[in-house]
Amino acid sequence: MAKLRSVKGMNDVLPEDAVRWHRLEDTFRELVARYGFGEVRTPLVESTDLFVRSIGEATDIVEKEMYTWMDKSDKSLTLRPEGTASAARAWIQHSVGGQHPVSKWFYVGPMYRRERPAKGRYRQFFQAGCEIYGDPGPFVDAELIDLVVRYLSALGIQDIEVLVNSLGAGETRERYREALLEYLRPHASELSEDSQRRLERNPLRVLDSKAPQDQAIAENAPQILDYLDEESAQHFEDLKTALDAMGTPYVVEPRLVRGLDYYTRTLFEVRGRGGDLGANAALCGGGRYDNMIKELGGPDTPAIGFAIGLDRLLLVMADSEPKPSLDGFLVVRGKELRGQALAVAQKLRDAGCRVDADLRGGSMKSQFRRADKSSAPFALVLGDAEAEAGTLQVKELATGDQQELPIEQVADAIMRR
Ligand code: ATP
Ligand code: MG
C-alpha cells in the first residue's frame, strides 16, 4: 500500500517548530493590538466569484493558482488564495461601514495557491495581514508601512528593503496603460507567453512578470510616476514626508506593480536581503485599494492593507534562545505512588507550572532519562518519605544541586529560574 503523506507543498508543523510559529504570531498580535486592530476570522472557502472579481481575471493567482471546485450544489468554490478579498466581503456583508467610519482589522491564517513548491513557496502558506477601511490616507499608509518594519525588526529581521510606489487613481491608470501599451506592442513577440496573452487586457502585469525576457523589456518601460494625476502626486509626496518624519527607511521603485489588480495609489513591498531565502525575497506586499469595496457591491470606501508571508519570515528570522517547554519533570520512586504523583502534578499545574511526568511505571533511571530529554530544568522526585512529609526533592538537572522543599514552595522555586 502506498504510504500516506501530506499533500505536496503543504507542510506539517511539529511541536518543536510550533514554538517559532508562536513567536511570529504572538509578536504580530501584540504589536497590532497597540494600534487598535481587531481580528477578523473569515472562512477558508469562498465563492470563486469573490476572488475573480477582486484579484482580477488576468492575474497569476486567478489564471493558474487557485484551488477551485464545483460544490455538489453546482456552485464554484475556492480555497482562499489571500486574505484581503475575504475581509472586504465580510466588511461589506456585515455593514461595518455604517457603524464605524474607520475600521482596523487584522488576520492570521493559511492561504492556498497551487504554485510550484520551492523554498519559501508553498501551496499552503501563512499570512498575517492588516486592513484599514474608511481612511483615504496617506498618513495611515505611512503608519502601516512603518508597522511592518517594526514587526520585522521585533523579530530581528533588519536586513530589508522597503519599496514604495504610487499607481495613481482612475485617469492615471488609463493614461499610463495607453503609454505602456504603446511601448510594449513593438516588443510583443519577445515577451513571455503569459505576457503576450495578457498584453492588451492587462499590460501592467508585464511589469510584474518573473520571466527574464519580460523583465529586460520592462526595464525601459515608461514609469507610472510620470503619469500621476495631481491629487495622487500630492498623496505620494505626503506619504514620503510622513515616512521621513518617522525615520522609516524606503526606496521609491517606479516599476513596482505587484500581482493583484485591485491596487490604487500607494503600493509597497518589503524584501529580505539575506538569510536562507537569498536576496530579494518578497516578505510582505501591500497597497491601497480604494475602488475594490465599491466594485464588490459595498459603499464607496477607501481601504489599504498588507500581507506578510510568515513562512518566509521563518527562513530569514534570527533564532532566539529556545525556551524550555517545561518547568519540571516529576520522577516517581515506586509504581504505587503514581496516583499521588498525579495529584502533586495537578497542584503544581494549578499554581502555573508546566509539569510532566512519566506515569508508565518505569525505573528511576528511565524516568531520569526522560527528564533529561524533556528540556525541563528540574527533576521533581517523589518517594515514600516525600509523600509522607508533603515535600519533593527538587533537583537542578544541569548542576545536580538538590534540595527538599514543601510542595507549596516548589512552584515558586522552579518558576523563579
Ligand atoms: P511572489 O512574487 O513571491 O509570488 P506575491 O506577489 O504572489 O509573491 P502576495 O500575493 O503579495 O505575494 O502575498 C504577500 C506575501 O505572501 C508575499 O510577499 C510572500 O511573503 C507570501 N507568499 C505569497 N505566495 C506564497 C507562497 N506560495 N508560499 C509562501 N509564501 C507566499
Ligand atoms: Mg505569487
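Just so you know, ligand 1 is whichever comes first in the structure, and atom 1 is the first atom listed for that ligand.
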Flag if over 12 foreign heavy atoms under 6.0 Å of [atom1], [X]:
X      : atom1 : answer
Arg41  : CZ    : no
Glu231 : CD    : no
Arg150 : CZ    : no

[X], any N or O under 3.5 Å of ligand 1 N or O:
X      : answer
Ile308 : no
Ile61  : no
Asp311 : no

Under 4.0 Å, heavy-atom basis, I'd like to know which part of [X] is in contact with ligand 1: side chain, backbone, both or neither.
X      : answer
Lys210 : side chain
Arg123 : neither
Cys284 : backbone
Arg121 : both
Leu283 : backbone

Proximal atoms of ligand 1 relative to [X] (non-hydrogen, under 4.0 Å):
X      : value
Gly120 : 28 (N), 29 (C), 30 (N)
Ala307 : 14 (C), 15 (C)
Gly309 : 15 (C), 16 (O), 20 (O), 21 (C)
Glu115 : 24 (N), 25 (C), 26 (C), 27 (N)

Which donor-acceptor pairs under 3.5 Å do the side chains of residues 239-247 make with protein atoms, sequence neighbours left out?
{"unit_1": "Lys240", "atom_1": "NZ", "unit_2": "Glu237", "atom_2": "OE2", "d": "3.1"}
{"unit_1": "Thr241", "atom_1": "OG1", "unit_2": "Glu237", "atom_2": "O", "d": "2.9"}
{"unit_1": "Asp244", "atom_1": "OD1", "unit_2": "Tyr250", "atom_2": "OH", "d": "3.1"}
{"unit_1": "Asp244", "atom_1": "OD2", "unit_2": "Tyr250", "atom_2": "OH", "d": "3.4"}

Do Phe329 and Phe378 have ring centroids that are under 6.0 Å from one another?
->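 For Phe378 and Phe329, the ring centres are not under 6.0 Å apart.
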
Proximity of Phe106 and Phe37 rings by center, below 6.0 Å | no

Would you indicate which of Gln127, Glu65, Glu82 comes nearest to atom 13 (O) of ligand 1 when only heavy atoms are counted?
-> Gln127

Check ion pair Arg121-Asp311 (N to O, under 4.0 angstrom) | no

Charged N to carboxylate O below 4.0 Å: is that the case for Lys104 and Glu131?
-> no

Honestly, is Lys395 close enough over Phe368, meaning NZ or CZ under 6.0 Å from the six-membered ring centre and within 45° of the axis?
-> yes

